[in-house]
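Below is one structure, written out as structure tokens, with a few remarks after it.
Since this is a predicted model, take the numbers as computed values, not measurements. Below, chains carry the letters A, B, ... as their sequence lines are ordered, and counting in each starts from 1.
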Amino acid sequence: MPHRALSGLVVLDLSENISGPYSTKLLADYGAEVIKIEKPPLGDSSRRAEPFPNDQPDPEKSGLFLFLNTSKKSITLNLESEMGPQIFKRLVEGADILVENFRPGVMASLGLDFEALAEINPALIMTSISYFGQWGPYRDWDGSDIIAQAMGGLMGLTGEADRAPLKLPLSQAEFQGGLNAAVATLSALYFRDETGEGQHIDVSLQEAVASILEGALTIYRYSGFARGRMGSRHHLQCPSRVMEAKDRFIHVQAGANWDHFSTFLEAPHLMEPRFASILRYHYADEVEALIQPWLEKHDAREIFATGQEWRIPFAMVLGIDELMGDPQYEARGFFQEIDHPLAGRLIYPGAPFRMSETPPEARRAPLLGEHNEEVYIGELGLSKDNLTDLKEHGII
Amino acid sequence: MLSKEKRALAGLRVIDLSQIFAGPYATKLLADMGAEIIRVECAARSGRGGALPRMKPGGAFGASFPDGDTGEKSYNRFAYYNEVNRNKYAITLDLTKPLGVEVFRRLVRISDVVVENFTPRVMKNFGLDYPVLRETNPQIIMISLSGYGQDGPYRDYVTYGEGIEAMVGLSQLTAYPDGEPLKPGVAYADATSGLHAAFAILAALRYRRLTGKGQYIDLAMREAVTPILGEAIMDYTMNKRVARPIGNRHPPMAPHGCYRAQGRGEKGGENEKEDAWIAIAVSSDEEWRAFCNVMGDPPWTRDEKFATLSGRLASQEELDRLIGEWTSGYDHIELMNMLQGSGVKAGAVLNIAELAHDPHLKERGFYEELSHPEAGTHRYPGVSWQMSRTPGRLRLPAPCFGEHNRYVFGELLGMSDEEVWRLADEGVSAREPLSYLEA
């Protein structure tokens, strides 16, 4: 009896950096056997990405890599070597899923495009992630997170109207790509389990981003109105923004009951008809000016806690250092300590959702090539001598 | 013809009680893949903004209705709702009434998944929490999306996606280096939670296929959004370093940023004229030399300090200023084509109009047209990814309020016309939402 949701699935993961690895992290933490295939001698580029403990670069200690590659196995294989693609094809025979995020055309140049692989394994699901997709005029353009945020429309909507568009922090387009890939892959798995037929999935980061613009594209089609940047304001709700309380910033939002909100803030002027209407966003400056003095008299924590008693959706604007001691995360045991032979015991973000029958489990990320023997000898039946030979020729 | 097209999730039936954006985004993904989504709405919670008086309210809100007009039935014309609820059915059922609960349980018997995003006590108050649903259908998969989770001291706290963005540290980092916390310009926490929720449902379905067992999924939006800050959290746990906003920079690359391009020169306000930008990301010295070449190798680029990444990182402000002087002489689309043509990672910051007409998205068929009986014919952002064997597509416009009552109550549950009428007459199945002020 399987004990994780995705137990029994075999996933080959040729992807690197963030987008692909986040999708396979989800698959792995929820039970799939993910075999990460890294190019020798350096492996996944995220092994060389910050942060490192004490800022000392070490390919086994990148925080980004350790976090994104939990629960996976790692083998090394150079697909550009003569034998690389042959060995890879043998792995494909026993796999359910393949995830890759090379630039479009790379797999084909290795003789490993979907058509070739489907001949070996017709039930294979191959998920390709790229900045602009596998075809179309921009297909061969190079990208990065900021480029996908810019061309997916997200940056043009974020930031102050009179300043430069602002990208979301860290690598959000990459995560969106990974999430789309994960959902697409399991959709294809559902179909394969029904019919036995595999298929090829084409995830474009530009499209992943353009899909989450909160109605902006449809509003444009409906009425020609092209939403722009509004700083911390929301385009429909008022107020809904970060404001200054006595001691620090707080997120202010009225929620469903305006009467309640006005009473709580001791601001009877807010009950004027023009403010009590859904159209009060026309008077956002005035609304905010009526709220600000009260906020400045109270500490953010106090507003948050008592506001919630009134069922008003205030929220704290927290820094990264404030997450781990937070009572709600703590009560639910969200953050997780994971030990690693080289990086040591560290706290990691926990699982994004809980499952009653099949709780997820995140195990430490693999060392580069840690599972070469297990996979090549144990599963493909190569000998120890074969392995030494492959290593000497730079194939693994 | 279309109905014969293979759909990845054909045969899957999902009951969707969710409101606003996170839950509906999850079911949108499933709907686009061919699942049958039945939205359960009621007069007080239509998820459509309530019935508004006919008006042309202006601003972004007014613009959310076709031609800026709320029309006779505003709740069938709302852009938000219509974008995220395409490919779904909708029925009306009041779960505060015993008959509503009874009908709902009949529906659970013939469904695979129930999605809800009320605050944790609501489903229990309806008498429809997971133990009840499991008794009704042992194979049912239920997912609850909430702000903070089904237990813990904040379980009853109310929040929207923006609050979650604040509570995970995303708002604080979404800022200019010298500025106060802003927020993503879209419902980012909702979309991210919705994607995780769709993944969760499909994972549970896979387990059910192998074991016959349903299960309960507890998705706290806050926990679903936290992982996307992974590297900043790891930096804190490793080095006690607290991430600060760095705007458009990205440490391993320089130059890396958003630069002003020549104004669009289009009609519109002053700002719009100036508001043209190009994002550029240079990740190697080789790319830097290619970039200098595109700029025509001006003398300043020969400065030693710009030759290496560490030098460029150390002089980023000066570098950004010099690049900005160059970019401001060109159109942003022209810049993008020039730079990409030379192997430099660059992307025009597309505004919504440009995105809607982007030639690449057009060629890929990203936008698809739907005719909605009350909102008219428009193009919508399409399926979020492409599949070779089961291409998703936009088959149905978003449902009108209660549009599929007859199909669901009659065809699926086998009720007679009289029974269906009775549901409406007794107010169990509403004919229209409450007005905005009542709701």
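Classification of the Tyr80(B)-His235(A) ring pair by plane angle, with boundaries at 30° and 60°, yields parallel.
Side-chain contact between Phe199(B) and Leu27(A) is present, with at least one heavy-atom pair separated by less than 4.5 Å. The closest side-chain heavy-atom distance from Pro349(A) to Met234(B) is below 4.5 Å. The closest side-chain heavy-atom distance from Thr211(B) to Glu357(A) is not below 4.5 Å. Side-chain contact check for Met155(A) versus Trp277(B): every heavy-atom pair is 4.5 Å or farther apart. Inter-residue side-chain proximity for Asp358(B) and Tyr138(A) is flagged as met; some heavy-atom pair is nearer than 4.5 Å.
At a 4.5 Å heavy-atom cutoff, the contact between Phe21(B) and chain A is made by side-chain atoms alone. Interface remark: Arg222(B) contributes backbone and side-chain atoms alike to the contact with chain A (heavy atom separation under 4.5 Å). There is no contact between Asp145(A) and chain B, counting heavy-atom distances below 4.5 Å. Interface remark: Thr119(B) contributes side-chain atoms only to the contact with chain A (heavy atom separation under 4.5 Å). In this structure, chain B has no heavy atom under 4.5 Å from any part of Ser46(A). At a 4.5 Å heavy-atom cutoff, the contact between Pro153(B) and chain A is made by backbone and side-chain atoms alike. With a 4.5 Å cut-off on non-hydrogen atoms, Val168(B) touches chain A through its backbone and its side chain both. Using a 4.5 Å cut-off between heavy atoms, His250(B) touches chain A through its side chain atoms alone. Looking at Leu217(A), both its backbone and its side chain come within 4.5 Å of chain B, counting heavy atoms on both sides. Of the two parts of Phe65(B), only the backbone, made up of N, CA, C and O, holds a non-hydrogen atom closer than 4.5 Å to a non-hydrogen atom of chain A. Within the 4.5 angstrom heavy-atom criterion, atoms from both the backbone and the side chain of Phe61(B) approach chain A. For Pro245(B), no part lies near chain A; criterion is any non-hydrogen pair under 4.5 Å. For a residue to count as touching a neighbouring chain, one of its non-hydrogen atoms must lie under 4.5 Å from one of that chain's; by this rule Ala348(B) touches chain A with the backbone only. With a 4.5 Å cut-off on non-hydrogen atoms, Tyr367(B) touches chain A through its side chain but not through its backbone. Interface residue Leu195(B): backbone and side-chain heavy atoms are both found under 4.5 Å from chain A. Interface residue Arg364(B): backbone and side-chain heavy atoms are both found under 4.5 Å from chain A. Residue contact with chain A, scored on non-hydrogen atoms closer than 4.5 Å, involves the side chain of Phe366(B) exclusively.
For the options Ala281(B), Ser193(B), Pro181(B), heavy-atom pairs under 4.5 Å to chain A are most numerous at Pro181(B). Of the listed residues (Ala198(B), Ala191(B), Ala353(B)), the one with the most heavy-atom contacts under 4.5 Å to chain A is Ala353(B). Contacts with chain A were tallied for Asp190(B), Leu52(B), Leu170(B), Leu12(B); Leu12(B) has the most, counting heavy-atom pairs under 4.5 Å.
Between Ile146(A) and Gly257(B), the shortest heavy-atom distance links the atoms CD1-O, 3.9 Å. In plain terms, the two heavy atoms of Pro251(B) and Glu50(A) that are nearest each other are CB-OE1, 4.2 Å. Across every non-hydrogen atom of Thr159(B) and Pro313(A), the tightest pair is CA-CB, 3.8 Å. Of all the heavy atoms in Leu355(B) and Met151(A), the pair that sits closest is CD1-O, 3.2 Å.
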**OP:** Carefully, step by step, assess Glu162(B) and Arg233(A) under the rule salt bridge (charged side-chain N to carboxylate O under 4.0 Å, His left out).
**Re:** CA-CA 10 Å; Glu162(B) 294 91 334; Arg233(A) 278 183 185 156; over 6 Å; no
**OP:** Check the pair Ser171(B), His251(A) against side-chain contact (heavy atoms from CB on, under 4.5 Å), reporting the backbone distance first and the verdict last.
**Re:** CA-CA 9 Å; Ser171(B) 303; His251(A) 175 76; 6.0 Å; no
**OP:** Go through Met167(B) and Phe304(A) one step at a time and tell me if the side-chain contact (heavy atoms from CB on, under 4.5 Å) criterion holds.
**Re:** CA-CA 11 Å; Met167(B) 292 289 287; Phe304(A) 174 54; 3.7 Å; yes
Subject >> Trace of the side-chain contact (heavy atoms from CB on, under 4.5 Å) decision for Tyr190(A) with Met33(B) >> reply: CA-CA 10 Å; Tyr190(A) 187 95; Met33(B) 292 293 104; over 6 Å; no
Original post:
How far apart are the C-alpha atoms of Asp193(A) and Arg206(B), what are their side-chain angles, what is the distance that settles it, and do they pass the side-chain contact (heavy atoms from CB on, under 4.5 Å) test?
Top reply: CA-CA 9 Å; Asp193(A) 286 345; Arg206(B) 163 75 182 178; 2.8 Å; yes
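Tyr176(B) carries Arg163(A) over the face of its six-membered ring, with the cationic atom under 6.0 Å from the centre and within 45° of the normal. Relative to the ring axis of Tyr148(B), Arg332(A) does not place its NZ or CZ within 45° and under 6.0 Å from the centre.
Between the side chains of Thr358(A) and Lys213(B), no donor-acceptor pair of N or O atoms lies under 3.5 Å. Side-chain N/O atoms of Gln176(A) and Tyr188(B) include a donor and acceptor closer than 3.5 Å. Counting only N and O atoms by type, the side chains of Thr226(B) and Tyr329(A) include a donor and acceptor under 3.5 Å apart.
For His378(B), the side-chain contact (heavy atoms from CB on, under 4.5 Å) test picks out Arg221(A), Tyr222(A), Pro66(B), Tyr380(B), with sequence neighbours left out.
Under the 6.0 Å cut-off for aromatic ring centres, Tyr207(B) and Tyr30(A) do not qualify, their centroids lying 6.0 Å or more apart.
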